[in-house]
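The residues of the chain are indexed from 1 along the displayed sequence. The structure displayed is predicted, hence computed values, not measured ones. Whatever order the structure lists them in is the order used to number ligands and atoms, beginning at 1.
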Amino acid sequence: MQISPSILAADFANLERELGKIANADWAHVDVMDNHFVPNLTLGLPVVEALVAVSPIPVDCHLMIEDPDRWAPGYAEAGARSVTFHVEAVHDPVSTARAIRAAGARAAFAVKPGTDVAPYVDLLPEVDMVLVMTVEPGFGGQSFMVDQMPKVRQVREAVRRHGGDVWIQVDGGVSADTIEQCAEAGADVFVAGSAVYGAESAATAVDELRELALRHAHR
Ligand code: DX5
Ligand code: ZN
């Protein structure tokens, strides 16, 4: 059970300090948005390189961008230890995942709430993680979509059949109120923005979320 706080909810003027607050987490989730794939713009490669250089924990890069085929391997080369692209944006998922892995990172694909995951199950041998979005990508602080839990179960079942060690990540509206359902459905990597950075102590929130996830682990 791993916690990946999203710095989208952090103070963008002090990102090094904000990363320091989550040193007890497993990953630092960095949302790259290009204002095309999603209607929001955040940061890109130069900032990710700078974050990798100062982060106390590995960087988990979530690319909400068009044409990840072209850009995703660069994020792995920049030192992100996990790079996630969206199936709705990618042209050649197999080559893109292989290029990410060849650059030394874990590769992952993400599905938006309206995207059926069944057509992508064949990709499982090519990736290390599947991200099931539990909000429409683009913004932090949205409400958790409980109707995505069957999809998490479906991916867990597919991973069991395929037999590999593929992690299942959920992202969007994950909090102390919603993390248990995600864990029960089979998720094992939890992204949380507002629930961590909106808490009085980010580090305490991370520990509490991990504890809740462990207590409700899928089996
Ligand atoms: C949404 C991003 C999320 C976002 C989650 O498009 O992918 O990572 O930061 O924020 P919360 O946890 O506040 O929903
Ligand atoms: Zn994200």
Side-chain angles (χ1 to χ4, degrees), residues 2-12 15 18-19 21-22 25-44 47-48 51 55 57-66 68 71-72 75 80-90 105-115 127 129-149 151-152 167-183 187-200 202 204-206 208-210 212-213:
Q2 304 185 64
I3 307 297
S4 186
S6 168
I7 61 161
L8 189 60
D11 176 0
F12 267 36
L15 288 174
E18 297 290 89
L19 286 168
K21 292 181 182 173
I22 56 159
D26 301 278
W27 297 86
H29 185 85
V30 176
D31 289 304
V32 176
M33 305 188 190
D34 67 352
N35 203 29
H36 290 271
F37 180 69
V38 288
N40 194 7
L41 183 68
T42 54
L43 49 86
V47 178
V48 169
L51 292 172
S55 181
I57 52 175
V59 167
D60 161 30
C61 221
H62 176 194
L63 302 179
M64 284 161 278
I65 61 173
E66 296 288 7
W71 305 109
Y75 285 87
R81 295 268 292 278
S82 177
V83 178
T84 302
F85 58 84
H86 269 267
V87 294
E88 302 87 357
V90 76
R106 298 174 61 88
F109 71 79
V111 281
K112 297 207 280 185
T115 302
V127 296
M129 185 172 79
V130 175
L131 165 52
V132 177
M133 290 301 301
T134 43
V135 298
E136 205 55 59
F139 300 92
Q142 304 181 78
S143 345
F144 178 76
M145 295 172 70
V146 66
D147 63 351
Q148 297 303 302
M149 294 302 97
K151 196 189 285 180
V152 173
W167 298 348
I168 303 175
Q169 186 177 61
V170 283
D171 180 10
V174 176
S175 70
D177 294 328
T178 59
I179 195 167
E180 304 176 3
Q181 306 166 61
C182 300
D188 50 14
V189 188
F190 307 87
V191 177
S194 13
V196 169
Y197 281 105
E200 208 167 306
T204 304
V206 166
E208 285 173 357
L209 287 170
R210 194 189 282 112
L212 282 169

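Under the 3.5 Å distance criterion, the side-chain polar atoms of Asp34 are matched with a main-chain donor or acceptor of Glu66. At distances below 3.5 Å, not a single donor-acceptor pair connects side-chain atoms of Tyr197 with backbone N or O atoms of Pro5. A distance-only check finds no donor-acceptor pair linking the side chain of Glu208 to the backbone of Ala176 [under 3.5 Å]. Here the side chain of Thr134 pairs a donor or acceptor atom with the backbone of Gly172 at under 3.5 angstrom.
Considering only non-hydrogen protein atoms, atom 14 (O) of ligand 1 sits nearest to Gly173 N, 2.8 Å. When only non-hydrogen protein atoms are considered, atom 1 (C) of ligand 1 lies nearest to Phe139 O, 3.5 Å. For atom 9 (O) of ligand 1, the closest non-hydrogen atom of the protein is Ser6 OG, 2.8 Å.
Less than 4.0 angstrom separates some heavy atom of Pro137 from each of these atoms of ligand 1: 6 (O). Ligand 1 places these atoms under 4.0 Å from at least one heavy atom of Met64: 6 (O), 7 (O). For ligand 1, the atoms closer than 4.0 angstrom to any heavy atom of Asp171 are 2 (C), 3 (C), 4 (C), 5 (C), 7 (O), 8 (O). Ligand-side atoms of ligand 1 in range of Gly140: 10 (O), 13 (O), range being under 4.0 angstrom from any heavy atom. Listed by number with element, the atoms of ligand 1 under 4.0 angstrom from any heavy atom of His62 are 7 (O). Every atom of ligand 1 is numbered from 1 in the order shown, and the set under 4.0 Å from a heavy atom of Gly172 is 14 (O). Ligand-side atoms of ligand 1 in range of His29: 8 (O), range being under 4.0 angstrom from any heavy atom. Here is the list of ligand 1 atoms found below 4.0 Å of a heavy atom in Gly138: 1 (C), 6 (O).
Between OD1 of Asp31 and NE2 of His29, the angle at the Zn ion (ligand 2) works out to 90°, rounded to 10 degrees.
For the pair Ala192 and ligand 1, a heavy-atom separation below 4.0 Å is found. Contact analysis leaves Ala9 out of contact with ligand 1, as no non-hydrogen atom separation drops below 4.0 angstrom.
Atom OD2 is the N, O or S atom of Asp171 at the shortest distance from the Zn ion (ligand 2). Nearest N, O or S atom of His62 to the Zn ion (ligand 2): atom ND1.
Considering backbone and side-chain atoms together, Ser194 places an N or O closer than 3.5 Å to an N or O of ligand 1. For a threshold of 3.5 Å applied to N or O pairs, the pair formed by Gly193 and ligand 1 contains at least one separation below that value.
Atom CZ of Arg210 has more than 12 neighbouring heavy atoms from other residues, nucleotides or ligands inside a 6.0 Å radius.
When all heavy atoms of Thr115 and Lys151 are compared, the pair lying nearest together is O-NZ, 2.7 Å. The two residues Ala213 and Phe190 make their nearest non-hydrogen contact at CB-CE1, 3.6 Å.
The cationic atom of Arg106 (NZ for Lys, CZ for Arg) does not lie both less than 6.0 Å from the six-membered ring centre of Trp27 and within 45° of the ring axis.
Between the side chains of Ser6 and Asp31, at least one donor N or O lies within less than 3.5 Å of an accepting N or O.
Rounding to the nearest 0.5 Å gives a distance of 4.5 Å between CZ of Phe37 and NZ of Lys112.
With Gln169 as the partner, the side-chain hydrogen bond (donor to acceptor under 3.5 Å, both in side chains) test is satisfied by one option alone out of Thr84, Asp188, Asp60: Asp60.
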